[in-house]
Each structure stands twice: as C-alpha cells, then as structure tokens.
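When a ligand or atom number is given, it counts from 1 through the structure's own listing order. Remember, it's a predicted structure, so these values are computed and weren't measured experimentally.
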Amino acid sequence: MSIQTVHSTPFDDQRPGTSGLRKKVRVFAQPHYLANFVQAVFDAIDGVSGKTLVLGGDGRYFNDTAIQIIARMAAAQGCARLIIGQGGILSTPAASHLIRKRAADGGLILSASHNPAGPDEDFGIKYNIANGGPAPEKITEAIYARSREIREYRILDSADIDLSARGETNLGDCRVEIIDPVADYAELMAHLFDFPAIKALFDGGFTMRFDAMHAVTGPYAKAIIEDRLGAVPGTVVNAVPLTDFGGGHPDPNLVYAEELAGLMFSSASPAFGAASDGDGDRNMILGKHFFVTPSDSLAVLAANAHHTPGYHLGIRGIARSMPTSQAADRVAEVMGVECHETPTGWKFFGNLLDAGKVTLCGEESFGTGSDHVREKDGLWAVLFWLNLIAARKETVEQIVRGHWRRFGRNYYTRHDYEGVDAVAAKGLMAALAARQNGLVGQTLAGRVVAYADDFSYTDPVDGSVSTGQGLRFGFEDGSRIVFRLSGTGTVGATLRVYIERFEPNPELHDLDTQAALADLIALADELGDVRATISRNVPDVIT
Ligand code: VG1
Ligand code: CO
C-alpha cells in the first residue's frame, strides 16, 4: 500500500456554517473537493499522527464514499486508530458519546442533518473535538483559512474497507475498528433514565409512535424503545435508514413530519408521538392532539429533571440559543440556577458544559441536550419525556399545561422563508439593522422598545467573542422579534423570523399561537418590509 500525494487547487467556498460544511452532493463529489476539506481539517488540528478518530454519518447518499476517502487519508497521515460505525452509521449524539467514551482525539461526522438526501441533494461534514462537541469557531475558521491554501493532500492507495462487518482490521498502519453503532449509546440512555419505569408504562398498554423518517435514528429507536423498553413492534416507523431518506425531508416539525402529525391529531392518536431528524440530534414531542414547542420542552425538562435517575440531584444551569424562547429562563430563575444565552448552533454550548456551568441546553429548532454528550440528542429527549410521563403519571398535555400555570406561557413561533434570493435577503438584514438606530424608547405596536441590536456573545469561559448573530428587537414587556439568516442551507438564503410574547394569565393560555402573536407578526413584517423585499407572501414553514 503506497501513500499518494495528490495535487489539487483550493476551493474558495469551504467555510463551515452553523453546523459544518454543507453542500450539494454534486459539489462534494467533484474531484478533490471532499479530500481538500478533510486535509484542511487535519492541517488545522496539527495533523492526525498517533491520534484516534471516530468516523460515521447519517447514512445518506455519499456517506460510504466519503468514509472510504477519509479513512484512507487518515491512515496515510499516521492516524493510529479509527472507530467507525458499522455500515458507516453513527447518529450525531452517538458519535459525540463515542468520542468521549473512547477518549478519542476527535471525530468526523458526515451529515447534512435534516436537509434532503440523494444524488441531487445535500451532503455535509463536520469536525468534533475531543470533548465530543462541534469544533468552536476558532477551529472552523482555521479550517476555512487552510482550505484556501491547500495545494495537495495525502491518501493511501488501498482497497475499500468492509464497513458491513464488525471487528478490527488494519488499513496501512492504522487500526480500524468497525463497531455496533447503537450499543454504547443505548447503555448511556439506560444509565440516565428509569428504564424499568418506562418498561412498566409500556407493559401497562401505553401507546406511542416514533417516526425515524427513514433516517439514522431508526436502529437506535428500535433497539431502545421496542427491544429494551418493550413498546409493541411497529411503534417505531420508517425505521430503516435509506440513502435518500425515502425522498423525504427528515426535519421533525409539523410540516415535514406530516404523517406523524396527522396521526397525533386524529382520533386514532396514541398517547405519545415523537420524531427525530436525519442525523438524530433533533426531536419533536407530541401528545394526543397536542404539540410541545421545543422551547417549552427545554423548560419542562429543566423543571422536572429531578424525576430522572441521571439528573436526580438537580441541574446546575440552563443554556439556550438566543432565538429560543425565554421559557427556560423562568425555570432557571425559580430554581436559582445559572441561565446562559448563546448564539445559534451547538458549538457554543461546549464550553459551558465542560466548565460545569450548565446541565441542560436547548434550541428552538427542535434541539435539546445535556452534559451527557456535547451534541443535541433527539432520542435522549424522547426518553426523558417518557421518564417524566412514567414518573408524574400525567399526559404530555397535563405536564405542559401544569408548567404554564406555574411559570406562565411564552407564546412562540418561527417563520421561515426558504430559498430566498441571497442578495435580497442580505439587503433586508442591512435595512433592518439601519432601522434599529435610535429605536430604543420608541413605541411600536403599543410596546416600548427596550433594546434593538445585533446579538453578540462573549463566551464566559474563554472570552471569545462572536458577533453578527441575529438582529433583535426587544420590548419592555419581554416580547421579542429576532431576524437571522440561516447558516445551514445550500440554496440561496433562508430568512428566519422568531417571535415571542409572555403571557402570565392562565385564562389566556389556550389561544392559537399565531393568533396570540398576530400583532407582533404584523410588526415584524412591517419592520423589515419582509414580504415586498423578498417577494414572498407567506412563510414556507411555520413552527
Ligand atoms: C439550524 C438551527 C440551529 C441548529 C442548526 C444545526 O441552523 O436553526 O438551531 O443548531 O440548524 O442543527 P440555521 O443556521 O440554519 O438556523 V442540525 O440538526 O441541522 O445539525
Ligand atoms: Co440534525
């Protein structure tokens, strides 16, 4: 087996976004594109010589090809050990756990999360550091800088490794372990949650549907929910990961998980419904005829963490991304624990978790997680909810309504305009930023503006500063409108508008969310002249 040095020229579009580098498969598949990026990662982390790396992905089209290229590059460059999920499969949280459990130096996770998969769709790759979490901006920027200089990469000239069989082999001088992608993760879950209580729930006839959306969580959910916890076979649907995710869009929300949503709001609804996304780090929680917003889910889990074995001693603090509703802040205040507001993306939670400042983290985009790994974790959230249902002996709706009565309700919605003209979207953000000047103290739609800024975050652990994280319009009554451009899309721009209002009065907790926020929704449109500027009449997705 010989080591080849391949000459290439740099690509100028390899800057990682909110969660790694995401591009069309066609872009990744062009000669040298993936290899250049992988070489840039290796160079940015001072090489992989003598290191142990975890490698796996969500099973989408190009997953296997990418694994073979990365493995041969790692082996050519002195990597000591590669730990790869059987079939190339590892959910994002399972990869994070493996990096930690095996004390690896890092890992490469192949996923474009919920973005559609297939030859004409998306692919993605991201590097996670030794704590199991996404590389911080300092590293992703170094990767980007290096990607613009790359002139060559080194790769082993060898046959493909057999990803289908568990066991150990050698690739050059590198030891390659093909492992069960589910076992370690399932063990961790059994340690955190009261499996006997959940099993008793299912044995007592409790009904559930978990929709894996033809993506990576199928094998995990089947092994844990059906095989270990005893839910009836068929509880987990769309459970076989397909390279094109069955042509679907595995984003667990009411729009894209419409099959599950339809069932949960029908007369045939089981007691509990849940779905996960392409790479297994997001979750949607539903009760009978009842949808739990991700922001509320974070707050509920925080307020009830003591019901679970893994968190029975209580939580140290909560972190949420800036656009996530302030429901969790109210819980933190009552519990007397720290509360942190970070920019969008899980990489900003890593330092807080490592420093022991927070235990639970969450994002409005259907992501919740804790210090058990350094990624958000879809199935973890589902098991957490099952544990709460078993412990409190209440339905999902009863738990959430009780929470609102105790803490008040944060009405919350996000409006997404997808595939918008990028120039128009940038213009809209620039106009909004200009609109912020001198706004504080003025009254808009009957509310006094308390702050109007572009969110910037100073990490309390390492002092690093991240600017330009979203335009905020905050009012004295706690309501907010936030505008951001997505950092995960691959076509044009996606504008996200986040709207929130607090309602303390239990008599007013039954309103339709869009109706409850109607005046702020209208104000958001007016502030940005949104519909006219991007030529859209309605959002593509409302969550
Ligand atoms: C989106 C979400 C963000 C999440 C990110 C990665 O980013 O808004 O909260 O962390 O996706 O999640 P953006 O930049 O498009 O708003 V995943 O499950 O796609 O890895
Ligand atoms: Co994801």
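Close N/O approach between W346 and ligand 1 is not found [any backbone or side-chain N/O within under 3.5 Å]. Checked by distance only, ligand 1 and Y498 stay at 3.5 Å or farther apart across all their nitrogen or oxygen atoms. Between T344 and ligand 1, not a single N/O pair is under 3.5 Å apart. The N/O atoms of G487, backbone and side chain alike, include one that comes under 3.5 Å of an N/O atom in ligand 1.
Between the OD1 atom of D281 and the OG atom of S113, the angle centred on the Co ion (ligand 2) amounts to 170° when rounded to 10°.
Looking from atom 7 (O) of ligand 1 to the surrounding protein, the closest heavy atom is T488 CG2, 3.5 Å.
Between F473 and F483, the ring planes are perpendicular. Angles over 60° get that label, and only those under 30° would be called parallel.
Proximity to S19 (heavy-atom distance under 4.0 Å) selects the following atoms of ligand 1: 6 (C), 20 (O). Atoms of ligand 1 lying under 4.0 Å from at least one heavy atom of R484, given by number and element, are 13 (P), 14 (O), 16 (O). Taking a cut-off of under 4.0 Å to the non-hydrogen atoms of D281, the atoms of ligand 1 that pass are 18 (O), 20 (O). Numbered from 1 in the order shown, with element, the atoms of ligand 1 that lie under 4.0 Å from a heavy atom of G345 read 10 (O). If you number the atoms of ligand 1 from 1 as listed, the ones under 4.0 Å from a heavy atom of R496 come out as 8 (O), 13 (P), 15 (O), 16 (O). Close contacts between ligand 1 and H114 involve ligand atoms 19 (O) [criterion: under 4.0 Å to a heavy atom]. Taking every heavy atom of S365 and a limit of under 4.0 angstrom, the matching atoms of ligand 1 come to 2 (C), 3 (C), 4 (C), 8 (O), 9 (O). For ligand 1 and S113, the ligand atoms under 4.0 Å from any heavy atom of the residue are 17 (V), 18 (O), 19 (O), 20 (O).
For D277, every heavy-atom contact with ligand 1 shorter than 4.0 Å involves the side chain, none the backbone. At a 4.0 Å heavy-atom cut-off, ligand 1 touches S486 through backbone and side chain alike.
Side-chain atoms of H340 and T342 include no donor-acceptor pair closer than 3.5 Å. In summary, the side chains of D377 and Y185 do present a donor paired with an acceptor at a separation below 3.5 Å, with no hydrogens or angles considered.
For the pair D281 and S113, the minimum side-chain heavy-atom distance is below 4.5 Å. Between L523 and I499, every side-chain heavy-atom pair lies at or beyond the 4.5 Å cut-off.
Screening R22, R60, K23, K24 for a salt bridge (charged side-chain N to carboxylate O under 4.0 Å, His left out) involving E121 leaves a single residue, K24. The only member of D329, V358, T368 that meets side chain to side chain contact (heavy atoms under 4.5 Å, CB included) when paired with R320 is D329. Exactly one of R282, R414, K376 qualifies for a salt bridge (charged side-chain N to carboxylate O under 4.0 Å, His left out) with E364. That residue is R414.
Contact between G367 and ligand 1 is absent, with no heavy atom of the residue lying under 4.0 Å from the ligand.
Within the cation-pi definition used here (under 6.0 Å to the ring centroid, within 45° of the axis), R330 qualifies as a partner of F502.
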Original post:
Can you check side-chain hydrogen bond (donor to acceptor under 3.5 Å, both in side chains) on S96 and N128, steps first, answer last?
Top reply: CA-CA 8 Å; S96 181; N128 280 29; 5.0 Å; no

Subject >> Audit row: Q514, H415, side-chain hydrogen bond (donor to acceptor under 3.5 Å, both in side chains) steps and yes/no >> reply: CA-CA 10 Å; Q514 301 303 311; H415 289 196; 2.9 Å; yes

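Taking the Co ion (ligand 2) as reference, D277 places its N/O/S atom OD2 nearest. D279 has its closest N, O or S atom to the Co ion (ligand 2) at the position named OD1.
If you check each of E364, K347, K376 against atom 12 (O) of ligand 1, the one with the closest non-hydrogen atom is K376. Counting heavy atoms only, R414 comes closest to atom 8 (O) of ligand 1 of the residues R22, R414, R282, E363.
Looking at D416, its side chain never comes within 3.5 Å of a backbone N or O of E418 through a donor-acceptor pair.
Residues K126 and E375 are paired through a salt bridge, judged by an N-O separation under 4.0 Å between the basic side chain and the carboxylate.
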